[in-house]
Amino acid sequence: MTWSTREIADLAGITVKTVRYYHQVGLLDEPDREPNGYKRYEVHHLTRLLQIKRLTGLGVPLAQVAEMGTSGEGQAAVFRTVDAELEATVRRLESIRRELATLAEPGASPEVPTSFSGLVHDLRDNDRALLTIYAQLFSDESMEVLRRTLEAHPNDDLDEAFRDLPEDADDATRQALAEQLAPFIVPGATAHGVTTARAR
């Protein structure tokens, strides 16, 4: 039994363009041609197409499909690599789903890192912007230190004084404010890049 290019593509559930591409990249052998020049595909061509379709459906890149050959250990190594990549993808997607679920809760805001959602209403716009930047620059541990600091050591007066400190404030003013803030410094926070009670 033989098939034309269109027929074998339909049987395999792919497009004629895909069949031709597999020929171009060496994944599928060229079939014999009839006297009129038309290709005639045989069972082994269909089997190969279905194998490629299955492997790519499992996430194996075409380049690796071409390199797999018949070695059992070589194939197993490819499958282990793909499985590890899928595991990482699953973890990433699960993390995204958790974050989306948190953002869907009442009062949550995409303006700040998810773990700071409960504090968003107490923050100014510039504070929210800083938190977004901090999340990019600091480690998760640093951000957790910062979150605990904001929750455990609120001091609105000092916070206002720190945020409203003029850029041209003299050294004496800065020193006085620093001495007021010092008791609120979280132990170990400096090592993580967090140095004030409100870390702003």
Side-chain angles (χ1 to χ4, degrees), residues 55-65 67-68 74-200:
L55 291 172
T56 55
L58 290 171
V60 180
L62 283 178
Q64 288 183 290
V65 172
E67 296 171 0
M68 284 178 66
Q75 292 180 358
V78 170
F79 296 143
R80 285 192 294 268
T81 298
V82 173
D83 183 61
E85 292 171 351
L86 289 174
E87 183 180 8
T89 299
V90 168
R91 288 198 301 269
R92 181 178 62 82
L93 292 176
E94 287 175 343
S95 175
I96 290 172
R97 291 194 66 200
R98 287 193 298 271
E99 185 162 355
L100 289 172
T102 300
L103 289 173
E105 295 176 357
S109 171
E111 295 179 276
V112 296
T114 307
S115 61
F116 290 79
S117 291
L119 302 169
V120 68
H121 297 298
D122 298 327
L123 302 173
R124 291 181 175 182
D125 289 342
N126 61 330
D127 295 325
R128 298 174 188 179
L130 278 175
L131 284 177
T132 299
I133 295 171
Y134 289 163
Q136 177 67 28
L137 300 177
F138 296 160
S139 67
D140 291 341
E141 292 79 6
S142 297
M143 294 304 292
E144 178 59 19
V145 169
L146 177 54
R147 186 189 64 77
R148 290 199 305 266
T149 301
L150 293 175
E151 288 181 339
H153 297 286
N155 189 311
D156 293 337
D157 292 338
L158 285 178
D159 191 43
E160 291 294 324
F162 182 73
R163 288 186 295 192
D164 294 336
L165 184 69
E167 292 184 10
D168 60 353
D170 58 40
D171 291 342
T173 301
R174 293 174 184 273
Q175 179 64 31
L177 181 57
E179 290 175 359
Q180 289 179 285
L181 288 169
F184 297 98
I185 295 176
V186 179
T190 302
H192 292 87
V194 181
T195 56
T196 72
R198 298 298 295 245
R200 296 199 271 283

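With T132 contributing its side chain and E111 its backbone, the two residues share a donor-acceptor pair below 3.5 Å.
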Applying side chain to side chain contact (heavy atoms under 4.5 Å, CB included), run through E85 and T81 and close with a yes or a no. CA-CA 6 Å; E85 292 171 351; T81 298; 3.7 Å; yes
Side chain to side chain contact (heavy atoms under 4.5 Å, CB included) between V112 and Y134: does it pass, once the steps are laid out? CA-CA 10 Å; V112 296; Y134 289 163; over 6 Å; no
Residue pair R92, S95: steps toward the side chain to side chain contact (heavy atoms under 4.5 Å, CB included) verdict: CA-CA 5 Å; R92 181 178 62 82; S95 175; 5.7 Å; no
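Contact between M143 and L131 at its shortest, heavy atoms only, is CE-O, 3.9 Å. Taking every heavy atom of both residues into account, L58 and L86 meet most closely at O-CD1, 3.9 Å.
Using a 4.0 Å cut-off between charged nitrogen and carboxylate oxygen, E94 and R91 do not count as a salt-bridge pair.
We find the CG-OG1 distance between L62 and T56 to be 6.0 Å, quoted to the nearest 0.5 Å.
Other residues, nucleotides and ligands place more than 12 heavy atoms under 6.0 Å from the CG atom of D170.
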